[in-house]
Amino acid sequence: MLQVAFIRAHKEKVLQGLNVRNFKDAARQVEEIIRLDDQRKQLQQQNDELLARGKAMAKEIGLLMRAGKQEEAHERKAQTAELKARSKALTEQRKATEAELTQLLYNIPNIPHPKVPAGTTEADNIVAKEVGEIPALPEGAKPHWELIEEYDIIDFNLGVKITGAGFPVYKGKGAKLQRALINFFLDEAEKAGFTEVQPPIVINEDSGYGTGQLPDKEGQMYHVASENFYLIPTAEVPITNMYRDVILTEEQLPIKHVGYTPCFRREAGSWGSHVRGLNRLHQFDKVEIVQIQHPDKSYEALEEMSGYIQSLLQKLALPYRVLVLCGGDLGFTSALTYDMEVYSAAQQKWLEVSSVSNFENFQANRLKLRYKTADKKTQLLHTLNGSALALPRIVAAILENNQTPDGIKVPGVLVPYCGFRMID
RNA sequence: AGAGGAGUGGCAGAGUGGUCGAAUGCGGUGGUCUUGAAAACCAUUGUACCGUAAGGUACCGGGGGUUCGAAUCCCUCCUCCUCUGCCA
């Protein structure tokens, strides 16, 4: 959520930014926000005045009672009735105004960084970098959904039986490969200075609001109705929410965490033939890195995180490219996002395996995540996160790219983790 | 899950209807003293909103209510502790 003060101070910048996102009706909404905020201020001022008078009267009544002047006290009491009624009305108006204002603010996405290119769809994303050789597969190379059946390592039908589509069962070497990847990613992150956490994978409503899944995106999460909890769509939610309503000192910065969790996504309406196999699931594993940074250093941190994620892909020897997301493809809460895509050679497709973003203070504003400056002012921090990495598509690419007539070669860095060199 | 108890400032802890944003202690910060340090002493020390400022308002787990007036009374939710039960 943007701060009203920021919108007021940088109206042109906000409008330009929203334009990069192809956000409709921006000018009117911005004006409306400012108008509502003015109204809010005015209502509060009026009400504060009434409350101050009421408070003074209550004190007088107390003194009169003590002095035994019952009659005078009763006269005063009668006078407070009107004050109370007016104050109540003003409070209601103020709350209504605030609700309307918040609703509008929730609707305004983050302002893109100047680097973000204009554009409407993923076709307008900029390919910043392409690394690694695309392997030339032999004749008859198979897509991963055939390979997993052939080697019996991941079973979709069993998952359907137990739960439903998109909840695969990993078996034998398939399960071990999962575990190896998770441990490899966690160990690497630890070496890069990220402290591991194991957060809950169900969250309450407050946390959903904190990172922006709520309101409006509840349809993308599984909901535990009996407790009003949600299954996390990403570890970003619980990990970032550890710092909800927190005021840090500058010395504590940066905060760097890594966490492995399963992730749950309903993906309502986004199912289709193009999402076969591991390309899109309802439950998948992901190692996530989260960073909380000083506003002056957040872009430095973004580059560092991007570099770190790329180092993982290089160690896994997967060909990848880095995209700078355009305004139309940029997530609601993000100011700048890089997507990392690996090439899955049998599908002949680039698959997104990581998305690393700087949210600047957009999330921090909702979270009330702040720090104290040297001169004791409280200021919003910047939050960043990135997948490092999401497993299923990495597995898809490994299976497809490393297939040989004798089986699938496991990337060297994973061998110590899984204990075998080949899936055969 | 049942019975009982409790949630107050960074921490500890007083306050059970009136001048309480809240005693006191510890901690933090600044200062005095000192060659320096410690000790002692003095001052200061929450968050948010409104206001150019002076100042005002709100917040004592969250929400609602009673009252002229609520940290204090009532309702509700949450959390923690003790005992009983259940369980990986």
Side-chain angles (χ1 to χ4, degrees), chain A residues 1-9 33-105 198-210 214-215 224-230 238 241-253 255 262 361 363-381:
Chain A
M1 177 163 69
L2 292 177
Q3 300 174 97
V4 180
F6 177 83
I7 295 177
R8 282 179 184 277
I33 283 168
I34 293 173
R35 186 188 71 77
L36 285 168
D37 192 49
D38 285 339
Q39 195 176 68
R40 187 197 109 251
K41 287 183 185 181
Q42 204 193 341
L43 287 167
Q44 177 175 343
Q45 210 169 343
Q46 287 172 12
N47 195 31
D48 280 2
E49 228 167 88
L50 290 181
L51 288 174
R53 274 164 64 193
K55 233 171 138 171
M57 279 176 126
K59 270 185 193 171
E60 279 178 44
I61 290 167
L63 289 172
L64 288 170
M65 301 277 267
R66 191 168 297 181
K69 299 178 182 170
Q70 303 280 342
E71 278 182 32
E72 282 186 53
H74 275 288
E75 277 174 37
R76 294 293 166 114
K77 280 195 197 181
Q79 291 174 28
T80 60
E82 194 215 336
L83 274 182
K84 258 179 99 172
R86 279 168 61 196
S87 169
K88 199 177 169 188
L90 280 175
T91 303
E92 271 165 26
Q93 281 178 51
R94 200 200 73 227
K95 281 188 179 171
T97 304
E98 275 174 7
E100 217 180 314
L101 178 61
T102 308
Q103 196 53 48
L104 269 177
L105 283 171
Q198 252 188 56
I201 60 173
V202 290
I203 52 142
N204 60 28
E205 233 178 4
D206 285 347
S207 295
Y209 279 96
L214 297 174
V224 183
S226 59
E227 315 290 334
N228 198 23
F229 290 157
Y230 293 89
N241 269 285
M242 297 197 305
Y243 295 90
R244 170 153 48 86
D245 283 317
V246 168
I247 299 178
L248 297 166
T249 61
E250 263 181 273
E251 297 77 64
Q252 288 175 280
L253 300 172
I255 303 274
N361 65 24
Q363 275 186 335
N365 190 29
R366 274 209 210 178
L367 289 163
K368 295 206 192 76
L369 166 53
R370 294 161 294 179
Y371 74 106
K372 273 234 193 297
T373 60
D375 55 339
K376 308 234 167 165
K377 292 226 158 73
T378 43
Q379 269 190 356
L380 293 174
L381 281 161

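These numbers were taken from a predicted model, which means no experiment stands behind them. Just so we're on the same page: letters track the sequence lines, and every chain starts at 1.
Only the P atoms considered, B:U44 is 15 Å distant from B:G55, to the nearest whole Å. Annotation: B:G17 and B:G69 have their C1' atoms spaced 8 Å apart (nearest Å). Nucleotides B:G61 and B:U57 are separated by 22 Å at their C1' atoms, to the nearest Å. Rounded to whole Å, the C1' atom of B:U29 lies 35 Å from the corresponding atom of B:U16. Atom name C1', nucleotides B:A22 and B:G13: the rounded distance is 13 Å, in whole Å. Look at the C1' atom in both B:U45 and B:C26: the space between them is 13 Å, to the nearest Å. A distance of about 26 Å separates the P atoms of B:A48 and B:G65, rounded to the whole Å. Rounded to the nearest Å, the gap between the C1' atom of B:A88 and that of B:A6 is 29 Å.
B:A70 atom P lies 12 Å from atom NZ of A:Lys59, rounded to whole Å. A straight line from NZ of A:Lys95 to P of B:C49 spans 18 Å, rounded to a whole angstrom. The distance from atom CD of A:Gln45 to atom P of B:G55 is 17 Å, rounded to the nearest whole Å. The distance between atom CD of A:Gln79 and atom P of B:G69, rounded to the nearest whole Å, is 14 Å. In this structure, the CD1 atom of A:Ile203 is 17 Å from the C1' atom of B:C78, given to the nearest Å. Separating the CG atom of A:Leu50 from the P atom of B:C68 is a distance of 17 Å, rounded to the nearest angstrom. The CG-P distance, from A:Leu43 to B:G51, rounds to 13 Å in whole Å. In this structure, the CD1 atom of A:Ile61 is 15 Å from the C1' atom of B:A70, given to the nearest Å.
Salt-bridge check for A:Arg8 with A:Asp38: passed, with a basic side-chain N closer than 4.0 Å to an acidic carboxylate O. At a threshold of 4.0 Å, the pair A:Arg86-A:Glu82 counts as salt-bridged, since one of the basic side-chain nitrogens sits closer than that to a carboxylate oxygen.
Taking only side-chain nitrogens and oxygens, A:Thr378 comes nearer than 4.0 Å to OP1 or OP2 of B:A48. Proximity of A:Lys84 to the phosphate of B:G69: a side-chain N or O atom is located under 4.0 Å from OP1 or OP2. Using a 4.0 Å cut-off, no side-chain N or O of A:Arg40 falls inside it from OP1 or OP2 of B:C49. Phosphate proximity of B:U19 to A:Lys55: absent, as no side-chain N or O sits under 4.0 Å from OP1 or OP2. The phosphate of B:A48 has OP1 or OP2 within less than 4.0 Å of a side-chain N or O from A:Arg370.
In this structure, B:G69 makes no Watson-Crick or G-U wobble pair, since no nucleotide meets both defining distances under 3.5 angstrom. Pair assignment for B:U32: B:A40, on the basis of Watson-Crick or G-U wobble contacts that are both within less than 3.5 Å. When Watson-Crick and G-U wobble pairs are counted only if both distances are under 3.5 Å, B:U16 pairs with no nucleotide at all. Both distances falling under 3.5 Å, in either a Watson-Crick or a G-U wobble arrangement, occur for no nucleotide opposite B:A22. Pairing of B:U82, defined by two Watson-Crick or G-U wobble distances under 3.5 Å, is identified with B:A3. The partner of B:U47 is B:A58, by the rule that a Watson-Crick or G-U pair needs both atom distances under 3.5 Å.
As judged by a 4.0 angstrom heavy-atom cut-off over every strand, A:Leu83 is placed among residues making no nucleic acid contact.
Comparing A:Thr80 and A:Ala52, the nucleotide of RNA chain B nearest to each residue sits closer to the 5' end for A:Ala52. Place A:Ala58 and A:Lys88 on RNA chain B by their nearest nucleotides, and A:Ala58 ends up nearer the 5' end.
Atom CZ in A:Arg35 sits 8.0 Å away from atom OG1 in A:Thr97 (nearest 0.5 Å). For the atom pair A:Leu369 CG and A:Leu248 CG, the distance stands at 6.0 Å (nearest 0.5 Å).
Of the candidates B:U57, B:G69, B:G51, B:G51 carries the atom nearest the A:Lys41 side chain, counting heavy atoms from C-beta on.
Among A:Asn361, A:Val246, A:Asn365, A:Leu380, the single residue meeting the side chain to side chain contact (heavy atoms under 4.5 Å, CB included) criterion with A:Arg370 is A:Leu380.
The two residues A:Arg366 and A:Gly210 come nearest to each other via the heavy atoms CB-O, 3.7 Å.
The closest donor-acceptor contact from the side chain of A:Gln46 to the backbone of A:Leu43 lies at 3.5 Å or more, if one exists at all.
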